[in-house]
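Encoded as structure tokens, the structure appears first; notes follow it.
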There are 2 protein chains.
Amino acid sequence: MGAIREQKKKITKKAILNAAIQLFGEKGFENTSIEQIAKTAGVGKGTVYSYFTTKRDILYAFCEGELEYIHEQMASKTNQNAPILEQMLTIFMAEFQYITKNPEFGRLFIREMAFPNPTFLDDHQDNDKKYFEMIFPIIIRAQERGEIRSELEPLHVCGHFFALFLLLLHANYTKMIPFEEAEKTLRTLFSQVIDGLQPAGSGDACKGVTHG
Amino acid sequence: MGAIREQKKKITKKAILNAAIQLFGEKGFENTSIEQIAKTAGVGKGTVYSYFTTKRDILYAFCEGELEYIHEQMASKTNQNAPILEQMLTIFMAEFQYITKNPEFGRLFIREMAFPNPTFLDDHQDNDKKYFEMIFPIIIRAQERGEIRSELEPLHVCGHFFALFLLLLHANYTKMIPFEEAEKTLRTLFSQVIDGLQPAGSGDACKGVTHG
DNA sequence: TGTAAAAGTCGACTACGGTCAACTTTTACA
DNA sequence: TGTAAAAGTTGACCGTAGTCGACTTTTACA
């Protein structure tokens, strides 16, 4: 029933991925050739292309797997009744740490994730769906607790946080803010936006408290 | 005094840029080779590389020039006393229209602009500076008029708008929202964030008005 | 104006990403 | 078990981005 084939394919794919990760780590993405990956994995160049459509796809496959793992970790560890600010900070800072751990990887990955090539749109739709499944419950619970106005679209609320996450990465890659200030900055921006989303009369803004 | 040389260089650079724009427009960025650009411009391949460091750099040089022009247009046309919401919408929607006019160009450009390659960081610092010079006065005037709390860092306020602009492009490139709804969506998100930034007691949030 | 050096031009060359038709292995089934 | 077809593998091959050293033009200055 094709069991041998399945087994072999898994092993080969893993071997290629491992070889790629190792070489990318050693020499960087741009300085690693497909032929080197193939040789290291003990297969022919053509075989690499029967498992991955492009060189970037190899990188992307790895990153996606890792991110999914991180998301699961976060989702299970986060205190579901903590303020939305803390929950969002935990999730997005974990993702930020992961992406910037290897700046070169991270840049390519976030470029592809934020502004994808139409060819890979389908992959992203899957990815985005998992993303929403993690974020939406947090927003809905915050709405139930009265932290966020309940008539707001969860999609829009989610958008605000994701937007600031993109901004943080932009600020990081343009060296506009030093790495160490990332969390502090994100906290400030998240607080400010939550002020605009909370119910009438309950916000810092309405008490005239500063955020800077 | 090297006048002939200067003149020739300008002409050659312009010729290469024109050839590139023409070919990119006709056949797309990926399907245009440097050799074709060189031939069309009437120079050798090596000459192209003495004016531009990479193929993408040619595209980028063009986009930057265009954007600068658009920014100037916007800055001069905008009503300086309109609500900050309207001024920001005008500027960012103009930029959005320009970037998405040619989706392929736009994707490469925004990728490079948002998450730049460290090699080109210097170019971006220039670009960002011009950007701030356009946005900051609008924010400061809004603070003076009492639309935005005056103790907030203009840089942070600017960040909120730019973040939502990046989000809009993301939503557009992932086909999350149809092109026609771009402006409506950006208006909603901008309004929501301004609520969180305005002085105590003056905001929609404090009056319990919806935004969705 | 003659000339040496600096600036600019050039296309053959290198290395790489991605393709493809020939070849090998595995499967399904008589 | 024998065999034909399906699935998987391979490296020679193609086109192109980017390099480099030989060549041409311009400049500075005697």
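Below, all heavy atoms of this structure are taken into account, side chains as well, without hydrogens, waters or symmetry copies. Below, chain A is the first sequence line, B the second, and so on; all start at residue 1. Because the structure is a prediction, the values reported are computed rather than measured.
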Audit row: A/Leu169, A/Thr100, side-chain contact (heavy atoms from CB on, under 4.5 Å) steps and yes/no: CA-CA 8 Å; A/Leu169 285 164; A/Thr100 55; 4.1 Å; yes

Those residues that, when tested against B/Glu68, pass salt bridge (charged side-chain N to carboxylate O under 4.0 Å, His left out) (two or more places apart): B/Lys130

With sequence neighbours excluded, residues passing salt bridge (charged side-chain N to carboxylate O under 4.0 Å, His left out) with B/Glu64: none

Exceeds 12 heavy-atom contacts within 6.0 angstrom, atom CD of A/Gln73: yes

Within 6.0 Å of CD in B/Glu133, more than 12 heavy atoms from elsewhere: yes

Side chain to side chain donor-acceptor pair (under 3.5 Å): pairs with one or both residues in residues 78-94 of chain A, sequence neighbours excluded: A/Glu86-A/Arg187

Sequence neighbours excluded - side chain to side chain donor-acceptor pair (under 3.5 Å) pairs with any residue from residues 162-174 of chain A: none

Integer-rounded Å distance: C/dG18 C1' and A/Lys45 NZ: 7 Å

Interatomic distance where OH belongs to A/Tyr49 and C1' belongs to D/dC14 [whole Å]: 13 Å

Interface residues of residues 29-38 of chain B with DNA chain D (non-hydrogen, below 4.0 angstrom): B/Thr32, B/Ser33, B/Ile34

Residue-level proximity of residues 54-66 of chain B to DNA chain D when a heavy atom falls under 4.0 Å: B/Thr54, B/Lys55

B/Phe105/B/Phe29 aromatic ring centres below 6.0 Å: no

Aromatic ring proximity, centroids under 6.0 angstrom, B/Phe179 and B/Phe96: yes

Closest non-hydrogen atom pair, A/Pro154 against A/Ile139: O-CD1, 3.7 Å

Closest non-hydrogen atom pair, B/Tyr98 against B/Leu67: CD2-CD2, 3.5 Å

Positions of residues 13-25 of chain A (non-hydrogen atom under 4.0 Å from DNA chain C), listed by number: none

Apply side chain to side chain contact (heavy atoms under 4.5 Å, CB included) to [X] and list each qualifying residue two or more places apart in sequence or on a separate chain.
X        : answer
B/Glu180 : B/Pro178
A/Ser50  : A/Thr47
B/Leu23  : B/Glu26, B/Lys27, B/Thr32, B/Gln36, B/Ile37, B/Thr40

Stems involving DNA chain C, each a run of at least 3 consecutive Watson-Crick or G-U pairs under 3.5 Å: C:1-30 with D:1-30

Can you tabulate the close N/O pairs, meaning under 3.5 Å, that link protein atoms to atoms of nucleotides 5-9 of chain C?
{"residue": "C/dA7", "atom": "O4'", "partner": "B/Arg5", "partner atom": "NH1", "Å": "2.6"}
{"residue": "C/dA7", "atom": "N3", "partner": "B/Arg5", "partner atom": "NH2", "Å": "3.4"}
{"residue": "C/dG8", "atom": "OP1", "partner": "B/Lys9", "partner atom": "NZ", "Å": "3.0"}
{"residue": "C/dT9", "atom": "OP2", "partner": "B/Tyr51", "partner atom": "OH", "Å": "3.2"}

A/Glu95 and A/Tyr131: CA distance, side-chain angles, deciding distance, side-chain contact (heavy atoms from CB on, under 4.5 Å) verdict: CA-CA 12 Å; A/Glu95 197 152 339; A/Tyr131 206 81; 3.7 Å; yes

